[in-house]
Protein chains: 2
Amino acid sequence: MSVGIKISLNDKLYLRDPQQTSLGQNIIRHSILLIDEIGFEDFNFKKLSLQMGSTEASVYRYFENKHLLLIYLVSWYWEWVSYLIDINTMNIEDPVRKLEKTIETVVYASKDNPSIDYVNESVLHRLIISEGTKAYHTKLVDKENRDGFFLNYKRLSEKVADVIIEVNPEFPYPHALASNMFEMANNHIYFALHLPRLTDVAVKDGNYDEVQKMLKYFAFSLLKCDQKK
Amino acid sequence: MSVGIKISLNDKLYLRDPQQTSLGQNIIRHSILLIDEIGFEDFNFKKLSLQMGSTEASVYRYFENKHLLLIYLVSWYWEWVSYLIDINTMNIEDPVRKLEKTIETVVYASKDNPSIDYVNESVLHRLIISEGTKAYHTKLVDKENRDGFFLNYKRLSEKVADVIIEVNPEFPYPHALASNMFEMANNHIYFALHLPRLTDVAVKDGNYDEVQKMLKYFAFSLLKCDQKK
DNA sequence: TAATAATGATAGTATTACTATTATTTATTA
DNA sequence: TAATAAATAATAGTAATACTATCATTATTA
């Protein structure tokens, strides 16, 4: 982004760092757009290179396969959310306000100012919502987890778990509540758009207020404490 | 099953009803085992037919492709859970007890008596946990939803939402809580096994007691009412 | 300016995701 | 029980996918 943050990701995810070259940045840019457009199953490096005006071989020099590219994008996203949470809660002392602000950030991450020019955050958000869990639902989870492929998500969960503990030190499931909040945020946006009988919230024109309200209700109900506003 | 229930599924999911022939039943039996073994991505009809001692062409006469087979298995699973919930809560009047029993059933569905001989329920459960959400995370969701491919899951959610409303008619998110309970049950078993930093529960040797306890804690905390025991 | 590294162009291979055709077995029914 | 139909097996074939390899060209950097 203009301010110059660098999203730091596990370097085993790629063969050549895509953030460092313009071809690499193009791969990121166009893979986000193309996966969003045609879905992860139909996406491949041939189509991507065609759309980019590059070649299959070149893309393969950056990523071993599309699965690792997806993990890369997912990691990028959570690292980005994590960064936004840091900024947005920076000067907040009160843990309840901090948790509220965290929830707001998770739901509206993509609406936060434009940032890194080769990443369309709002398209990426949509992609994470529909394809995100495929990153870790694979036969290779254990190996990939050992290789640290999911660290960004786990660290973010732990960061939020820490806030949860601050709000209520007696709460027995801080990590589960944290990860569930992330999963729920994405799931219920998806449900609202595609399987509305599975939820009670509605979403229209990118307005996720009802999702946000529900997440706050769930969190503060469980933590047996009142919201500030 | 011996008692003679018939799991009724949308007939657009298949080309020929697999429950009606022994080849069809074999397809179900072996696809469950093989997907569990090698994962959905590496699974294909060639490998399946090889393992069954049949041919690719024969499998294609039952299912258009592996994606529809997955939806079939997922639907089968939720219909089966739904059936178990009906039996297990049949004579329970008290909604709180009913919800407790429902949660127990969801978490331990696979442990319920052996049933239909061509379905290994406990392997199927494991498969749903790791591959289940791929059934509806696809570019075709809307079309497939219109075709009624996800009815079993939606009806089950609504059934549980009804119990939730009985427990607390003021609760504003009964559908979301219901679907979230299903998602959470599977997610946290998966997390406990593969990404433990994302949860607080542990699972060993198929013992899901901690998951069950957590789900009850979440549900009854949200519904602001005490559990019975 | 020479050397090095990155990219493009092109080709090739094994596997996947099917469809088609014909032969054979099994089930049905006359 | 023979005739007929239906289901399955065997085999082959095609287009697309998921890569790998090679060599030419263009940038970069020493």
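Letters A, B, ... are given to chains in the order of the sequence lines, protein chains preceding strands, and every chain is numbered from 1. No hydrogens, no waters, no symmetry mates; every other heavy atom, side chains included, goes into these values.
- Remark: P of D:dT20 and CG of A:L15 are 9 Å apart, rounded to the nearest angstrom.
- By the 4.0 Å N-to-carboxylate-O rule, B:D209 lies too far from B:K213 to be salt-bridged with it.
- Remark: P of C:dC18 and CZ of B:F43 are 12 Å apart, rounded to the nearest angstrom.
- Taking atom OH of residue A:Y60 and atom C1' of nucleotide C:dA9, one finds them 17 Å apart after rounding to whole Å.
- Across all strands, A:E41 comes closer than 4.0 Å to no nucleic acid atom at all (heavy-atom distances).
- Between B:L34 atom CG and C:dT16 atom P there is a gap of 12 Å when expressed in whole angstrom units.
- Note on B:K47: a side-chain N or O is less than 4.0 Å away from OP1 or OP2 of C:dT16.
- A cation-pi geometry, defined here as NZ or CZ lying under 6.0 Å from the six-membered ring centre and within 45° of its normal, does not hold between B:K134 and B:F40.
- Mapping A:E56 and B:S58 onto DNA chain D via the closest heavy atom, the residue that lands nearer the 5' end is B:S58.
- If you take CG of B:L48 and P of D:dT8, they are 14 Å apart, rounded to a whole angstrom.
- Using a 30° and 60° split on the angle between ring planes, B:Y136 and B:Y153 fall in the parallel class, below 30°.
- Using a 4.0 Å cut-off between charged side-chain N and carboxylate O, A:D42 and A:K47 make no salt bridge.
- Applying the 4.0 Å criterion to OP1 and OP2 of D:dC19, one finds that A:K46 has every side-chain N and O outside that range.
- Looking at B:E158 and A:R197, a side-chain N of the basic residue comes within less than 4.0 Å of a carboxylate O on the acidic one, giving a salt bridge.
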Practice item. Go through B:E121 and B:Y77 one step at a time and tell me if the side-chain hydrogen bond (donor to acceptor under 3.5 Å, both in side chains) criterion holds. Key: CA-CA 8 Å; B:E121 282 84 6; B:Y77 179 78; over 6 Å; no
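- Rounded to a whole Å, the CZ atom of A:R61 is 10 Å from the C1' atom of D:dA21.
- For A:S54, no side-chain nitrogen or oxygen approaches OP1 or OP2 of C:dT7 to under 4.0 Å.
- With rounding to whole Å, A:F63 atom CZ is found 16 Å from D:dA18 atom P.
- Taking 4.0 angstrom as the limit, A:N65 places none of its side-chain polar atoms (N or O) nearer than this to OP1 or OP2 of D:dA18.
- For A:R16 and A:Y62, the positive end sits near the middle of the six-membered ring, less than 6.0 Å away and at most 45° from its axis.
- For DNA chain C, the neighbouring residues in residues 17-28 of chain A, judged by any heavy atom under 4.0 Å, are A:T21, A:L23.
- Across D:dA10, C:dG8, C:dA17, the shortest atom-to-atom separation from the side chain of B:N44 is found for C:dA17.
- Spacing between atom NZ of B:K66 and atom C1' of C:dA17 amounts to 10 Å, rounded to whole angstrom units.
- When the side-chain nitrogen and oxygen atoms of B:Y62 are compared with OP1 and OP2 of D:dA7, none of them lie within a distance under 4.0 Å.
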